[in-house]
Novice: 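Submitted below is the structure of interest, expressed as structure tokens.
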Amino acid sequence: MLRLGPPRFAVYGSNLDTNVWAPWYTQHKIMRGLLDAYHLTGNEQARDVVVKMAEWAHLALTIGDKNHPQYPGPITRSDLNLMWDTYIAGEYGGANEVFPEIYALTGDARHLETAKLFDNRESLFGACVENRDILVVTDPAELGRRRPARLHVNQHVPNFVGYMRIFEQSGDRDYLQAAKNFFGMVVPHRMFSHGGTGGNYPGSNNNLEMFQNRDNIANAIAQGGAETCSIYNVSKLARNLFFHTQDPAYLDYYERAVFNQIAGSRADTATTSNPQVTYFQPLTPGANRSYGNTGTCCGGTGLENHTKYQDTVYFKSADGSALWVNLFVPSTVTWAEKGFAVTQETNFPREAGTKLIVDGSGSLDIKLRVPAWARSGFTVRINGTRAPIRAAEPGTYVTLRRTWRPGDVIDVSMPFGIRIERAIDRPDTQSVMWGPLLMPIVGDPGGGTYRELSLYRYLKRDGDYSRAAITRAGTSTAGDPIFTTHGFTLRPWYVGDTQAHSAYFRRVEPEIVFGSIDSGVPNVKRDDGLPRYDVPVSGIPSPGTDGLTFLDVVWDHAPFATHGRFVSTIARTAGEFVAAGHLTEEQRDKVVAAAASARSELAPEA
């Protein structure tokens, strides 16, 4: 750790005379373990040791390597800035999150000061406070002396978890603002459909652990991208941000990450020879996962991942007035101070719906999360009677306020539906989602090419893909949901084996068709509204030339209550495409006529 600072300013490498790995990362893990030992077991020796380590850290980051013959004097803020920009020796993990916790134990202001010494002030912190996205730049020298063009994902995400802890102990809102803005730079602007982030793209340097440029999803679907421990930390940040904002969007992300990339990061095997967890979770068509990774950072956090599924299922309000139900998993929560418990019986996420059984008496709000994907309804019944709540909006919470009795039963129904998620920079590059689950297509199309699917011709007026476009094909022997489309099998991303699969496919809809009725008009694209990459991608135009098609725009308005509403949407959209020069008036008339004649084709089946 002293080698990282002046006068050596060691960089990443294996030469012990001149280089260093990530020493503060290691110290953080040791300190975190000691704090957990103290909190969970009351071990006073663990407390004493971690406090002494904190005191040493303060000396190391203020006085520095005073015994070195070229000692330049106490460490300056400029020295610290240079250290934290050093790839990858400056990867200190969440070291700054333990010192505020030690400050809360001791009241010694030096520990809070130590946490702030880890601030990456030269090239990132201030930009995040101001919401300037500089995670990828073309000229890094303008931002920092050792600043790389692309920031390393797992070098920086844990820093912001620590900033949240500094905010909690200091009240300095710059730390909270920096964390919120940083998260917003990752989600959705760099998020793949399984929740992961990071990867190469044409024209970038070859390092899959780095951030991709803003809004680059389709062109950064890398063979080995989406490092697992990075998403462990993004999820942790989302969870902590929710505590201070109660914004359900953070838990929508958390659910996506946990039920897809995190759950899929462990092999479905009984071996105990090594952790059997993933390093990366690649998204390139036909890619597969490999497991093992003893000794990597993903191996370490990979072990933690699968002990923490319970830690966000329930929260309690600080004032004791409410129990928050955030995730739907088989579980029991006991609130000892209130003499209150809730047991959740469910097969979620394999099937929709959950039952909560109350064991306790008294007045209490129970807040149920309505997932953003719950677009097919969210109904609640208490003891068989529909709860008196407002219509549940996806991406919110509903509150059940009553005096509870032992044995009260809350039944929650939230039908899963097939939906399509588009890459924000190339909408024809898409993923299939079923409720919260990513459903990749099994098999390798070969050569890294995408499967090509046409789906609109199968839709009815309600826009339900699961009627005929992507249909349920039962369950696997392990009980996992299976779907099929165009003869291909889809299954959940969380299945932990090494089969080739494709998280994304390419949507190919050449003609404007309604069921079997073909208008004879090309399904033209509307390229406006596509994001412009902040950093250019070699060989890729920006904004792109694969924007929303006519049918995309129309079906985004589904469901249609009547055929008349469907036809009026067609007419309005066709008029807009004519005005933009994408369709002729003659083509518009053909499209509207074809839509009008498709009444029986599009009528939803009973």
Side-chain angles (χ1 to χ4, degrees), residues 1-12 18-35 47-126 128-129 144-147 151-152 154-170 172 174-175 178-179:
M1 284 172 277
L2 293 176
R3 191 182 294 129
L4 183 60
R8 284 173 281 190
F9 289 113
V11 295
Y12 181 52
T18 58
N19 301 133
V20 68
W21 181 67
W24 288 106
Y25 187 102
T26 303
Q27 174 139 336
H28 168 234
K29 295 298 184 184
I30 296 169
M31 295 180 75
R32 180 71 265 163
L34 290 165
L35 281 168
R47 182 188 187 280
D48 292 342
V49 172
V50 78
V51 170
K52 285 183 171 61
M53 291 182 74
E55 291 169 350
W56 182 89
H58 184 266
L59 293 173
L61 294 176
T62 55
I63 302 302
D65 191 5
K66 67 178 184 179
N67 295 320
H68 194 280
Q70 281 85 47
Y71 177 64
I75 290 181
T76 66
R77 168 47 66 183
S78 177
D79 295 333
L80 294 169
N81 289 340
L82 186 66
M83 289 161 59
W84 306 142
D85 256 353
T86 303
Y87 173 80
I88 192 175
E91 182 176 357
Y92 60 74
N96 55 344
E97 63 102 4
V98 297
F99 297 102
E101 190 171 330
I102 296 169
Y103 165 71
L105 291 175
T106 66
D108 187 337
R110 290 179 302 163
H111 301 316
L112 191 56
E113 177 191 350
T114 303
K116 294 180 178 180
L117 294 174
F118 286 91
D119 294 359
N120 188 331
R121 291 276 172 173
E122 183 162 326
S123 69
L124 187 58
F125 184 86
C128 287
V129 172
R145 290 160 287 171
R146 282 183 170 175
R147 158 71 199 244
L151 291 184
H152 182 271
N154 208 46
Q155 181 173 343
H156 293 284
V157 177
N159 304 171
F160 290 84
V161 175
Y163 293 155
M164 293 294 295
R165 298 303 185 208
I166 295 172
F167 161 69
E168 289 165 359
Q169 294 299 324
S170 71
D172 187 337
D174 274 359
Y175 288 95

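Just so you know, these numbers use all the heavy atoms, side chains as well, and skip hydrogens, waters and symmetry mates.
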Novice: Do NZ/NE/NH1/NH2 and the carboxylate oxygens of Glu168 and Arg165 come within less than 4.0 Å?
Specialist: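 The answer is yes: the pair qualifies as a salt bridge.
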Novice: So Lys116 and Ser170, do their side chains get closer than 4.5 Å, heavy atoms only?
Specialist: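 SC-SC contact between Ser170 and Lys116 confirmed.
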Novice: Identify the two heavy atoms, one from Ile102 and one from Ala54, that lie closest to each other, and give their separation to 0.1 Å.
Specialist: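 Heavy-atom minimum between the residues: CD1-CB, 3.7 Å.
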Novice: At what distance, to the nearest 0.5 angstrom, does CZ of Arg110 lie from CZ of Phe99?
Specialist: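 Nearest 0.5 Å value for the CZ-CZ distance: 11.5 Å.
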Novice: Given Phe118, which of Leu80, Asn159, Leu61, Ile166 fulfils the side-chain contact (heavy atoms from CB on, under 4.5 Å) condition?
Specialist: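 Looking at Leu80, Asn159, Leu61, Ile166, the match for Phe118 under the side-chain contact (heavy atoms from CB on, under 4.5 Å) is Leu61.
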Novice: Without swapping roles, check the side chain of Trp24 against the backbone of Asn96 for a donor-acceptor pair under 3.5 Å.
Specialist: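 Absent.
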Novice: Please report the shortest heavy-atom distance between Met1 and Pro23, naming the atom on each side.
Specialist: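 Nearest heavy atoms, Met1 then Pro23: CG-CB, 3.2 Å.
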Novice: Do the ring planes of Trp84 and Tyr92 sit parallel (below 30°), tilted (30 to 60°) or perpendicular (above 60°)?
Specialist: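 Trp84 and Tyr92: perpendicular rings.
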Novice: Do the non-hydrogen side-chain atoms of Met53 and Val98 ever get within less than 4.5 Å of each other?
Specialist: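 No - every pair of side-chain heavy atoms lies 4.5 Å or more apart.
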Novice: May I ask you to decide if Thr114's main-chain N or O and His58's side chain share a donor-acceptor pair within less than 3.5 Å?
Specialist: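 No; zero donor-acceptor contacts below 3.5 Å.
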Novice: Once you round to the nearest 0.5 Å, how far does OG1 of Thr86 lie from CE of Met83?
Specialist: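 So the gap between those two atoms works out to 8.0 Å.
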Novice: Could you tell me the separation between the CG atom of Leu105 and the NE2 atom of His111, rounded to the nearest 0.5 Å?
Specialist: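 Going from CG on Leu105 over to NE2 on His111, the span is 9.0 Å.
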Novice: Taking C-beta and beyond as the side chain, do Arg146 and Val11 meet within less than 4.5 Å on heavy atoms?
Specialist: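 Yes - at least one pair of side-chain heavy atoms lies under 4.5 Å apart.
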Novice: Given the rule in the side-chain contact (heavy atoms from CB on, under 4.5 Å) test, do Ile30 and Gln27 qualify, once you have shown the distances and angles that lead to the verdict?
Specialist: CA-CA 5 Å; Ile30 296 169; Gln27 174 139 336; 5.7 Å; no
Novice: For Arg145, is there any backbone N or O sitting under 3.5 Å from a side-chain donor or acceptor partner on Glu122?
Specialist: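 Yes, Glu122 side chain to Arg145 backbone: donor-acceptor pair under 3.5 Å.
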Novice: Check whether any side-chain heavy atom of Met31 lies under 4.5 Å from a side-chain heavy atom of Glu101, and answer yes or no.
Specialist: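 Of all side-chain heavy-atom pairs linking Glu101 with Met31, none is under 4.5 Å.
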Novice: Roughly how far apart are Gln169 CD and Tyr175 OH, rounded to 0.5 Å?
Specialist: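 The distance works out to 13.0 Å.
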Novice: What I'd like to find out is whether the side chain of Tyr163 reaches to under 4.5 Å of the side chain of Asn120, using heavy atoms alone.
Specialist: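 The answer is yes; the side chains approach within 4.5 Å.
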Novice: Mind listing the closest non-hydrogen atom pair of Pro158 and Gly94 along with its distance?
Specialist: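 In this case the closest contact between Pro158 and Gly94 is CB-N, 3.6 Å.
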Novice: Verify, without hydrogens or angle tests, whether Arg8 (side chain) and Thr18 (backbone) share a donor-acceptor contact under 3.5 angstrom.
Specialist: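 No, because the side chain of Arg8 does not come within donor-acceptor range (under 3.5 Å) of the backbone of Thr18.
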Novice: To check you understand the geometry: which heavy-atom pair defines the closest contact between Ala10 and Ala89, and what is its length?
Specialist: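 Heavy-atom minimum between the residues: O-CB, 4.0 Å.
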Novice: Heavy-atom distance under 4.5 Å between the side chains of Lys29 and Thr26, does that happen here?
Specialist: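 Contact flag for Lys29/Thr26 side chains = no.
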Novice: Inspect the surroundings of OH in Tyr71 and state if more than 12 heavy atoms from other residues, nucleotides or ligands are less than 6.0 Å away.
Specialist: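 Yes - once you tally the heavy atoms of other residues, nucleotides and ligands closer than 6.0 Å, there are more than 12.
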Novice: Roughly how far, to the nearest 0.5 Å, is the NZ atom of Lys52 from the CZ atom of Arg47?
Specialist: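 So the CZ of Arg47 and the NZ of Lys52 are separated by 10.0 Å.
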Novice: Looking at side-chain heavy atoms only, is the closest gap between Leu124 and Phe160 below 4.5 Å?
Specialist: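 Yes; the side chains approach each other to less than 4.5 Å.
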Novice: Is the backbone N or O of Arg121 less than 3.5 Å from a side-chain atom of Asp119, with the two atoms forming a donor-acceptor pair by type?
Specialist: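 No, the answer is negative, given that no donor and acceptor are paired below the 3.5 Å cut-off.
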Novice: Look only at the side chain of Asp79 and the backbone of Thr76, and say whether a donor-acceptor pair between them is shorter than 3.5 Å.
Specialist: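 At least one qualifying donor-acceptor pair exists.
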Novice: Which pair of non-hydrogen atoms, one from Gly64 and one from Ile75, has the smallest distance, and what is that distance?
Specialist: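 Shortest heavy-atom contact: CA-CD1, 3.7 Å.
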Novice: With rounding to the nearest 0.5 angstrom, report the NE2 to CG distance, His68 to Leu2.
Specialist: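 Result: 10.0 Å between the selected atoms.
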Novice: Might you point out which heavy atoms bring Gln155 and His152 nearest each other, and give the distance in Å?
Specialist: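 Heavy-atom minimum between the residues: N-ND1, 2.9 Å.
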